[in-house]
2 protein chains.
Amino acid sequence: MTVKQLGENALKVKTFLAQVSSEDKNKALEAIAQALISNKEKIISANKIDLENGKNAGLNAGLLDRLMLDSDRIDGIADGVRQVAVLNDPCNKVLSEYKKDNGLLIKKITVPIGVIGIIYEARPNVTADAAALCLKSANAVILRGGKEAINSNTAIAEIMRNAVETAGFPKDVIQLVQDTSRASANEMMTLNGYLDCLIPRGGKNLIKSVVENSTVPVIETGSGNCHIYVDDGADIEMAANIIFNAKTQRISVCNACESLVIHSGIIDKALPVIKASLDEKNVEIRGDERAQKACPGIIPASDEDFYTEYLDYIISVKTVDSLEEAIEHINTHSTGHSEAIITNNEKNAEVFLNCIDSSSVYVNASTRFTDGGEFGLGAEIGISTQKLHARGPMGLEQLTSAKYLIYGNGQIR
Amino acid sequence: MTVKQLGENALKVKTFLAQVSSEDKNKALEAIAQALISNKEKIISANKIDLENGKNAGLNAGLLDRLMLDSDRIDGIADGVRQVAVLNDPCNKVLSEYKKDNGLLIKKITVPIGVIGIIYEARPNVTADAAALCLKSANAVILRGGKEAINSNTAIAEIMRNAVETAGFPKDVIQLVQDTSRASANEMMTLNGYLDCLIPRGGKNLIKSVVENSTVPVIETGSGNCHIYVDDGADIEMAANIIFNAKTQRISVCNACESLVIHSGIIDKALPVIKASLDEKNVEIRGDERAQKACPGIIPASDEDFYTEYLDYIISVKTVDSLEEAIEHINTHSTGHSEAIITNNEKNAEVFLNCIDSSSVYVNASTRFTDGGEFGLGAEIGISTQKLHARGPMGLEQLTSAKYLIYGNGQIR
């Protein structure tokens, strides 16, 4: 089936989804969770083919690990689907309601976006996670995963489609693109009139390609060149502790700290303490001249370093003479994801919060908290680094649009 | 100055705008209003050059009228700027606030989008309207109007830039692109990293070109192939009255009715009454076979007609045998702007409201009410026909984004 045909199928289920009840959506999610568990063997044997193909294609251990599904992981996926079921229904919430002098009653309510496309890479859990969130928000979803996971994804998608059918839903509320060539991705990016929104989930290159080539509206997610600024007079122990956590607790994630910005007034005292702590995990520190001077063992940073999301045991250090210089450096180099200030000065904290142009701005805490679960959204479909529609961790609310309903009795203008 | 240089200038004023008070924004708006009035002659004489050039270039009377500025119209523009000043500040509104068990206080607030680009055509009033809305929402704006109005736009922009400077603002919160070639529009569409959002205002071709060529996030506005469905058992007088209003009160606007959908059970009685009313304004009616049979004087509609936004004294008529068929026809052919049902059946009204996938859905009222002013938003920068970020009339609220502020005292994950 072509991507366009999937789009046509999705349009046909919109009227069903526009009228579906919360109860029925939750029944369908429970049916999916049960079906994933009772069909574990089918999923695991499909996954084995992907793993075998992956080994033959020379995928590295990290990628193979992301690809791998076992009984525990499938339980985890099913559990995630059930967690989505217990969240509040994001649809049909009244955003505003008022009566005009002419007697018109105007209500603004939340509604499903419509048809959502997800382009992702080798993690087969995304197939179920994204489908569950889209179903709960009454959106039809067209999933297009990477070729590495196609057998796993096909098995999971078929199990979910059959499960929703037993719950009285049309199967096509969930569809998977079978063609994993670049052509099918390009087709999705230009499927205006069918897709209302496209969300890329994956590495920098995938996201860049979707942003640049899509005519369908895109929600940009993901990349995080996150900064921590150590202000003059900051609590040095706290700074070292937070930086160690934000850099090393999990290096491969978008909310990990990639760059340290430090005030010249505190650098001589603070940087050696911070370095001693990062040394425990052998973090390579690349700094500007003043950082190198303040502390032995820091190697020179290039201009490029300050733009780099390492996702590795590496961190850059920039020295500044003022809060304003820190803000300018960060706004120039960050990806607008998460940034933190470590300070004892409330006024400086306030200026930092106001002026840093990122989705999540912290005072005296680790950037690692930028996450749907940590923020209490329940589940997340990604972390938006753009300004329109959604910013920061995106939960169910961000999978809705709005609609005005206007009740009259013959009003004309 | 190149468009990119304007982008660089805009980035430099973001820190100022991130901290500006409501009071100062309102002072700047009042300064703009006063300056527009006290510089009327300068604007009118620049406008005369545009009008002269327009006549020589053979612009039609309608376009020349849109282009023309006189003392009254400038008063109107200044008045519009003052009306924006009295609206509530859309920034720094707390959207949610909660404390987590780990002690983190998480606040989500509204913030300016950042830098907004507006691409528009020959109406010089857009220059001031859009600048006022962007200033009130603390966004920097880069305006790129059509070549027909370049002298008027340059005069208005310079007056506004000088006015905000007297109010203590950097001039570059408002910038106008001087180069009105296609190249400058293309440059804006790909100004990622500088522009956070692009809003096209104008005709279908302009909007299509921006949607197709932009890598910057776009808010699609404007085109309206609006339907009115006359249900079986509807009040025929009310239907005729509403259709007459929606079709003829102002034919050139996006919320005008372009297509009538009518139930076969009522067509023989209703269509002659509707036609008699539309005949008063010599509206041409293009219908399907059953419509032609039901009423003499209706000419055949092609398939193309049902997709056409006429913006003229023409309307199409489609006959259906059920509410479901009406909904399917409308969702297939509409642009998602505004649709109405005329009915006495509450259940049918509810199904129509739920299933029609448009920004504004009416029961027993004219589609002409879809408008920022009529909906009580105060002023509008356009009517969004997309699902993401904004839907329907866009006011100040839609010119903001959100940001999470997280207050800790050393929390790590």
Side-chain angles (χ1 to χ4, degrees), chain A residues 11 14-15 18-19 98 100 104 106 113-114 192 196-197 211-212 215 217-219 235 238 241-242 245-246 249 324 327-328 331 351 353-355 357-366 368-370 374-376 386-389 391-392 401-413, chain B residues 11 14-15 18-19 98 100 104 106 113-114 192 196-197 211-212 215 217-219 235 238 241-242 245-246 249 324 327-328 331 351 353-355 357-366 368-370 374-376 386-389 391-392 401-413:
Chain A
L11 291 187
K14 277 171 86 173
T15 302
Q19 302 179 92
Y98 43 96
K100 300 282 293 177
L104 283 181
I106 303 180
I113 289 177
N192 300 62
D196 294 298
C197 163
V211 168
E212 283 178 0
T215 50
V218 170
I219 300 180
D235 177 330
M238 186 198 281
N241 201 22
I242 287 175
N245 175 261
Q249 195 232 355
E324 290 63 38
I327 290 168
E328 207 201 310
N331 281 344
V351 172
L353 289 169
N354 283 335
C355 296
D357 191 18
S358 297
S359 88
S360 307
V361 193
Y362 293 80
V363 179
N364 295 333
S366 170
R368 285 280 291 117
F369 288 104
T370 304
E374 293 292 332
F375 278 10
Q386 67 178 38
K387 309 282 190 77
L388 293 188
H389 187 73
R391 200 170 190 204
S401 179
K403 178 157 119 176
Y404 286 94
L405 308 180
I406 306 99
Y407 300 81
N409 49 13
Q411 281 82 353
I412 58 170
R413 195 168 163 189
Chain B
L11 291 187
K14 276 171 87 172
T15 301
Q19 301 179 93
Y98 43 96
K100 300 283 292 177
L104 283 181
I106 303 181
I113 289 178
N192 300 63
D196 294 299
C197 164
V211 168
E212 284 178 0
T215 51
V218 170
I219 300 180
D235 178 329
M238 186 198 282
N241 200 21
I242 288 175
N245 175 261
Q249 197 232 353
E324 290 62 39
I327 290 168
E328 208 202 309
N331 280 344
V351 172
L353 289 169
N354 283 335
C355 297
D357 191 19
S358 297
S359 88
S360 308
V361 192
Y362 293 80
V363 178
N364 295 332
S366 170
R368 285 280 291 116
F369 288 105
T370 304
E374 293 291 332
F375 279 10
Q386 68 177 37
K387 309 282 191 77
L388 293 188
H389 187 70
R391 200 171 190 203
S401 179
K403 178 157 118 176
Y404 286 95
L405 308 180
I406 305 99
Y407 301 82
N409 49 14
Q411 281 82 351
I412 58 169
R413 194 169 164 188

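Numbers restart at 1 for each chain; the letters A, B, ... are given by sequence-line order, proteins then strands.
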Heavy-atom contact with chain A under 4.5 Å, split by part of B/Glu324: neither

query: In terms of heavy-atom proximity below 4.5 Å to chain B, should A/Ser358 be classed as side chain, backbone, both, or neither?
result: backbone

- prompt: Given a strict heavy-atom distance threshold of 4.5 Å, which part of B/Ser359 is in contact with chain A: side chain, backbone, both, or neither?
  reply: backbone

task: Look at B/Cys197, B/Ser360, B/Ser366 and state which one has the largest set of heavy-atom pairs under 4.5 Å with chain A.
output: B/Ser360

- prompt: Taking A/Val351, A/Asn245, A/Val363 one by one, which has the highest count of heavy-atom pairs under 4.5 Å against chain B?
  reply: A/Asn245

task: Report the option among A/Ile219, A/Asn409, A/Asp357 that has the most heavy-atom pairs separated by less than 4.5 Å from atoms of chain B.
output: A/Asn409

task: Could you tell me which of B/Leu104, B/Val361, B/Thr215 has the largest number of non-hydrogen atom pairs under 4.5 Å with chain A?
output: B/Val361

- request: Answer with side chain, backbone, both or neither: which region of A/Leu405 has an atom nearer than 4.5 Å to a non-hydrogen atom of chain B?
  value: both

statement: Under 4.5 Å to a heavy atom of chain B? For A/Thr15 that would be both

message: For chain B, which candidate among A/Ile327, A/Ile406, A/Asn364, A/Ile113 shows the most heavy-atom pairs at distances under 4.5 Å?
response: A/Ile406

query: Is the side chain of A/Lys403 donor-acceptor paired with the backbone N or O of B/Arg391 at a distance under 3.5 Å, no angle test?
result: no

message: If I measure from the heavy atoms of chain B, does A/Glu328 come under 4.5 Å with its side chain, its backbone, both, or neither?
response: neither

message: Among A/Arg413, A/Gln411, A/Lys387, which residue has the highest count of heavy-atom pairs closer than 4.5 Å to chain B?
response: A/Arg413

- prompt: Do you know which two heavy atoms are closest between A/Ala365 and B/Gly408, and how far apart they sit?
  reply: CB-CA, 4.3 Å

message: Is A/Phe375 close to chain B through its backbone or its side chain, or both, or neither, when contacts mean heavy atoms under 4.5 Å?
response: both

message: Can you tell me which of A/Leu353, A/Leu11, A/Asn192 forms the most heavy-atom pairs within a distance under 4.5 Å of chain B?
response: A/Leu353

- prompt: Taking all non-hydrogen atoms of both residues, which atom of A/Ala18 and which atom of B/Cys355 are closest, and how far apart?
  reply: CB-CA, 4.1 Å

query: Counting heavy-atom pairs under 4.5 Å to chain A, which of B/Gln19, B/Arg368, B/Gln386, B/Lys14 comes out on top?
result: B/Arg368

query: Side chains of B/Asn241 and A/Ile412: does their closest heavy-atom pair fall under 4.5 Å?
result: yes

